[in-house]
Participant: 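Okay, here's the structure, questions in a sec.
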Protein chains: 2
Amino acid sequence: MAGRQGPGGGAGDRPGAKRAGLDFPRPLTTVDIVIFTIRLEALHVLLVRRGHGEGEPFPDAFALPGGFVDVARDADLAACARRKLAEKTGVVSPYLEQLGSWGSATRDPRGWSATHAYFALIPASAADAALAADAQWFPLQDDNVKPKLAFDHAEILQAAVQRLRNKVEYTSLPAYLMPEEFTLPELQRTYEVVLDRLLEKSAFRTRMLSADLIEPIAKMRKGPNRPAQLYRLKKKAAPVYFARTFNAPE
Amino acid sequence: MAGRQGPGGGAGDRPGAKRAGLDFPRPLTTVDIVIFTIRLEALHVLLVRRGHGEGEPFPDAFALPGGFVDVARDADLAACARRKLAEKTGVVSPYLEQLGSWGSATRDPRGWSATHAYFALIPASAADAALAADAQWFPLQDDNVKPKLAFDHAEILQAAVQRLRNKVEYTSLPAYLMPEEFTLPELQRTYEVVLDRLLEKSAFRTRMLSADLIEPIAKMRKGPNRPAQLYRLKKKAAPVYFARTFNAPE
DNA sequence: CTAAGTAAGTTGGACAGTACAACTAAGTGT
DNA sequence: ACACTTAGTTGTACTGTCCAACTTACTTAG
């Protein structure tokens, strides 16, 4: 509650204690971001290669983008996350949600550290536009061909995937992975990629159209087959809770 | 990602940078807990009165239980939360879930600070057993008669209530507010108190019994009226997702 | 020019679970 | 004996998914 006297107080850590000092050891504070996009019909995550300077733990390993909070530049945690996301991808207004925090004495060899993890969704069109030199997209297949991650970032990544999948079951989150205009089958394929399973066509349509979160625009997408109606996200695309979970057709 | 050189690095914050020092300002790091219970058919939250020592912000105000992370005593954030919860309530193994983190330059007048917030559910029977002297239960009525809270704790509390209500819609969380043995109507009343609205009786029963998370025991509860079947939580009472949201009968 | 192929989108019946109201069951107090 | 209360059940209506079969529009092969 940010109001006690500090750990040194111990059992005497009570109102009216005399010590008001703040001269006790503080954990390292960082912010990490799990950035997802969809490329080539697969969910991808952005990782950065670490440096190998003196004192750098996990030299040359891959890690989630992030770093120390800069008390001079970052007004708050979300601003810090947005800054780091912009530095790596150039994206300035993605879907950004707090994922949780991980803190322990052992997760960073340099000392007690706590990280505030965020996760972001960006459309494929923005995924490569302004990528930093040390950043790279990795697919999240079932057989993980991802590199070993520094710190506890594998755990954080796994939590992010799980959060994403859970929310996709009953919200409109995948719409943030879509371009401006998209067809319903394209949206369905995005849901399927994120959930990693097939969905039933007519139930998906009924659901999406009755959920009042996308709206048709006066255009069709021409293709090799029958043209498809184009849709876009409604302005206030708040997460929508669906009545049931999806099931696969086969 | 806890691996960069520190805020001082700035634009030169790249792999291979030479500075490996950690001598930059670190935010204050705290853990706060929102502890809920049900007393007298109402949802209650535990608050503690702050001290008024020198340098203490928000003297004598109420705040969520919590305080600075003690890097010497706390192995990780959850352990820190459990310790603070035990100090205030004596409860050692409640339902404990991470709520999120709040960090900014301004939330604590002593400097840039970040708090890791948890929320806990404890049964009424444990709520008063070993309460700390400076702690007190407050009801969460519609017309909030709660005191003004220190820091941004009002915001954290509101987020906790919202999280609780959201999860209650589709999980078995309220079971953690119940004693060992309870009847179905008692469980329904707990759901109603948490959700702050009435539920439909037969749908509630169908749902709970088909969800495979409670089991009947070979006992009945005698009362002024017809006796009621007693149930208890099944061991692995993982959150259960329900097919639909509840509706009120009138 | 026609036929086969493909993907978009619709339709209709089976089914599951909630909404709601009316009912039965078992205890209490007068 | 009677009214009253709460536990628990039953039955009909309705909503939305599941699933398969269908129509529509366009492409390509022959």
Side-chain angles (χ1 to χ4, degrees), chain A residues 41 168-172 178-179 181-193 195 197-232 240-250, chain B residues 41 168-172 174 178-179 181-193 195 197-232 239-250:
Chain A
E41 304 252 319
V168 162
E169 284 283 1
Y170 53 88
T171 72
S172 50
M178 306 298 294
E181 305 177 347
F182 51 85
T183 68
L184 260 178
E186 286 167 356
L187 182 60
Q188 180 173 350
R189 245 166 271 130
T190 300
Y191 268 83
E192 289 171 343
V193 163
L195 288 172
R197 70 169 201 267
L198 296 174
L199 302 179
E200 210 282 317
K201 179 169 56 167
S202 66
F204 184 84
R205 298 186 77 88
T206 312
R207 202 157 158 158
M208 284 301 150
L209 296 179
S210 69
D212 192 47
L213 62 95
I214 60 175
E215 55 189 358
I217 58 182
K219 258 194 285 187
M220 306 289 276
R221 167 152 307 163
K222 297 261 168 118
N225 307 306
R226 178 175 170 172
Q229 177 64 51
L230 281 171
Y231 295 85
R232 70 164 162 237
V240 173
Y241 285 72
F242 296 120
R244 287 201 201 176
T245 58
F246 285 118
N247 268 8
E250 60 193 316
Chain B
E41 303 253 316
V168 162
E169 283 284 1
Y170 53 88
T171 72
S172 49
M178 307 297 294
E181 304 177 346
F182 50 86
T183 68
L184 262 177
E186 284 167 357
L187 181 60
Q188 180 172 350
R189 245 167 271 130
T190 299
Y191 268 83
E192 288 171 344
V193 163
L195 288 172
R197 70 169 201 266
L198 295 175
L199 301 180
E200 210 282 317
K201 180 169 55 167
S202 66
F204 184 83
R205 298 186 78 89
T206 312
R207 202 158 159 158
M208 284 302 151
L209 296 179
S210 70
D212 192 48
L213 62 94
I214 60 175
E215 55 187 358
I217 58 182
K219 259 195 283 185
M220 306 289 277
R221 167 151 306 161
K222 298 262 167 117
N225 307 308
R226 177 174 171 170
Q229 176 64 51
L230 279 172
Y231 294 85
R232 69 163 164 239
V240 173
Y241 285 71
F242 296 119
R244 288 203 199 175
T245 57
F246 285 118
N247 268 9
E250 58 194 317

Participant: Say you draw a straight line from CG of A:Leu187 to CZ of A:Phe204; how long is it, rounded to the nearest 0.5 Å?
Facilitator: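 If I round to the nearest 0.5 Å, the distance is 4.0 Å.
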Participant: Would you kindly give the CZ-to-C1' distance between B:Phe204 and C:dA21, to the nearest whole Å?
Facilitator: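 Answer to the nearest Å: 20 Å.
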Participant: State, yes or no, whether a side-chain contact exists between A:Met220 and A:Gln229 at a heavy-atom distance under 4.5 Å.
Facilitator: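 Contact flag for A:Met220/A:Gln229 side chains = yes.
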Participant: Round to a whole Å and report the spacing from CG of A:Asn225 to P of C:dT6.
Facilitator: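 After rounding, the gap between these two atoms is 9 Å.
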Participant: To the side chain of B:Glu200, which of D:dT5, D:dT17, C:dA19 is closest?
Facilitator: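 For B:Glu200, the side-chain atoms sit closest to C:dA19.
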Participant: Under 4.5 Å between any side-chain heavy atoms of B:Met208 and B:Tyr191, yes or no?
Facilitator: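 Yes. Closest side-chain heavy atoms under 4.5 Å.
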Participant: Within this structure, what is the CG-to-P distance between A:Leu198 and C:dA7, rounded to whole angstrom?
Facilitator: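 In whole Å, C:dA7 P lies 14 Å from A:Leu198 CG.
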Participant: Within a strict 4.5 Å, meaning less than it, do heavy atoms of the B:Thr190 and B:Glu192 side chains meet?
Facilitator: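 No, too far: nothing below the 4.5 Å cut-off.
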Participant: Which value, rounded to the nearest 0.5 Å, describes the distance between A:Arg207 atom CZ and A:Gln188 atom CD?
Facilitator: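 Nearest 0.5 Å value for the CZ-CD distance: 11.0 Å.
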Participant: Between A:Phe182 and A:Ile214, is any pair of side-chain heavy atoms under 4.5 Å apart?
Facilitator: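 Of all side-chain heavy-atom pairs linking A:Ile214 with A:Phe182, at least one is under 4.5 Å.
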Participant: Show each protein N/O and nucleotides 8-12 of chain D N/O combination with a separation under 3.5 Å, one pair to a line.
Facilitator:
unit_1 : atom_1 : unit_2   : atom_2 : d
D:dG8  : OP1    : B:Gln229 : N      : 2.6
D:dG8  : OP2    : B:Arg205 : NH1    : 3.4
D:dG8  : OP2    : B:Arg205 : NH2    : 3.3
D:dG8  : O5'    : B:Arg205 : NH2    : 3.1
D:dG8  : N7     : B:Lys201 : NZ     : 3.0
D:dG8  : O6     : B:Lys201 : NZ     : 2.8

Participant: Closest-nucleotide mapping onto DNA chain C: is A:Glu186 or A:Pro224 further toward the 5' terminus? I mean the 5' end.
Facilitator: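 Its nearest nucleotide lies further toward 5', so the answer is A:Pro224.
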Participant: For A:Gln188 and C:dG9, give me the distance from atom CD to atom C1', rounded to whole Å.
Facilitator: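 Rounded to the whole Å, the gap is 12 Å.
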Participant: Could you tell me the separation between the CE atom of A:Met208 and the P atom of D:dG16, rounded to a whole number of Å?
Facilitator: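 After rounding, the reported distance stands at 14 Å.
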Participant: At under 4.0 Å between heavy atoms, what does B:Arg189 touch on the DNA or RNA strands: base, sugar-phosphate, or nothing?
Facilitator: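 Counting heavy atoms under 4.0 Å across all strands, the contact made by B:Arg189 is with sugar-phosphate only.
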Participant: Rounded to the nearest Å, what distance is computed from the NZ atom of residue A:Lys222 to the P atom of nucleotide C:dG9?
Facilitator: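 In whole Å, C:dG9 P and A:Lys222 NZ are 14 Å from each other.
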